[in-house]
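Read the structure below first, then the notes.
The analysis underlying the following values was restricted to heavy atoms, covering all of them including side chains, and did not include hydrogens, waters or symmetry mates. Quick note on labels: first sequence line is chain A, next is B, and so on, each numbered from 1.
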2 protein chains.
Amino acid sequence: MEHDQSSRTLTEKAYRALRHDIVIGALQPRAKLKLDELCSRYEVGHAPLREALARLVGEFLVVSEGQRGFWVAPLSLEELHSVNRLRTLVEVEALQDSIRLGDEAWERDVRDAFTALASIEQDILHRGAIMDSPHADEWEACNERFHSALIAACGSPTYLNIRATLYRRAERYRRVARKFERDVHEEHVSLFEATIDRNALRACRLTEHHIARRVDGILRHAGEHTDWR
Amino acid sequence: MEHDQSSRTLTEKAYRALRHDIVIGALQPRAKLKLDELCSRYEVGHAPLREALARLVGEFLVVSEGQRGFWVAPLSLEELHSVNRLRTLVEVEALQDSIRLGDEAWERDVRDAFTALASIEQDILHRGAIMDSPHADEWEACNERFHSALIAACGSPTYLNIRATLYRRAERYRRVARKFERDVHEEHVSLFEATIDRNALRACRLTEHHIARRVDGILRHAGEHTDWR
DNA sequence: GGGATATAAAATATCGATTTTTTATTGACT
DNA sequence: AGTCAATAAAAAATCGATATTTTATATCCC
């Protein structure tokens, strides 16, 4: 039996599972992370679990206080804005480089990722635009793949890594607003077209606009119900 | 006996020590981090050491491969440029907000930090501008305090945290170039004055210029001798 | 009754030993 | 000689038990 990179060690298994559950909100913001509870939940011992938690502390998804334990990092309006602002800066810079440097293989990946994303988005729109959990998972995966593909050719692993961590932090907020907006799809179409046309200026403007609109959407649909401080 | 936050747990102790040794280069880029060796070096057991390493993986100072262990993250031209570019973006954004929002207490902190930094820099210039290890430590601490103070009033913990991690990643490169340039001091003076004058536009331009010049300096003094890939 | 103090329970942090995996070494075979 | 396989050594990963610290509870005194 083969094991891929993500299940080679129990630490990695615990890390993936914890990260997933925090990002999708199964473990709620500010929730106390009790070690014994998590050990049985994920079927790992103390050592790998604590390692996974420590790594998530480094990624700002978990907070810890010496001798007092671990908590799921809280959500806040401040973080929502800051993370998406930084994401914008990073994606705009990287997209410029990617459009300049990308070859045919990159273009193909972008097309493939867009096709998959567009297909799911039309599906969701047909169904009435309410995202239940499996649809949200599917859409998030495709959305991540598309945005990741756009900047994949930027030539900077550093940018790609930072973007990935910012994206996950932003996803926690998206998951709260479960309504899918038609605009999102239209924005993806324009962004795709501008990128394939190698119109860097337009693609960057669209990226800025896209992320800003998503923040607005999150505030609109989820703002009143949450206790973000 | 009182213990401050940084020495409450062995994990924290190991984390600080490891981070310090990586940042200053005592543990060289790409060095294999053997667990037993580090355990005796820092006088901690396996568990806290591995936790510290996991956290550093999350901060991009250590890389790990399942079942194969840990290494000090390599240096590269790509990372040097990317990290400093991101730092610029973050510091410029945060500085704008800080200048807009900062009160008298902030202004005092900026003045104090600048005074301390300027005094050390003049000291170093008198001595011939070669930084040995203790001087470099002293200067780095003051430089960090000054740049941190500038943006402290920006109102965004998220920005401050990200800036801190980017700053440490950049410090690894600065530590290689041991010559202190007179320009650095002059740039700090201008940046300080523009900030106190609440001239946000000028302060941001100076920040961009300052960081770009530092990258140039690093490349000039250290570029030929290193094996960055 | 209220507040400080001692005690008990819960949870975290840590260690030392064991298991598993990787890496290095040796020796056989073509 | 060079490749492959088997074996030995090294290192990482994990577990289970213990020590330490924090938090909750109950008790006593004013």
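- Sorted by first and then second residue, the salt bridge (charged side-chain N to carboxylate O under 4.0 Å, His left out) pairs involving residues 18-40 of chain B (not counting sequence neighbours) are B/Asp21-B/Arg41.
- For the pair A/His81 (side chain) and A/Leu77 (backbone), a donor-acceptor distance under 3.5 Å is present.
- The aromatic rings of B/Trp228 and B/Tyr173 sit perpendicular, their planes meeting at an angle over 60°, well past the 30° parallel limit.
- Under the rule for a salt bridge (charged side-chain N to carboxylate O under 4.0 Å, His left out), the partners of B/Arg168 that lie at least two apart in sequence or sit in another chain are B/Glu59.
- Rounded to whole angstrom, the span from the CG atom of A/Leu53 across to the P atom of C/dA13 amounts to 10 Å.
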(request) Quick one, give me the B/S/- string for nucleotides 9-24 of chain D, reading 5' to 3', where B means a protein heavy atom under 4.0 Å from the base and S means that only happens at the primed atoms, P, OP1 or OP2. (result) --SSSBS-----SSS-
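- Ring planes of A/Phe114 and A/Phe146: tilted class, angle from 30 to 60°.
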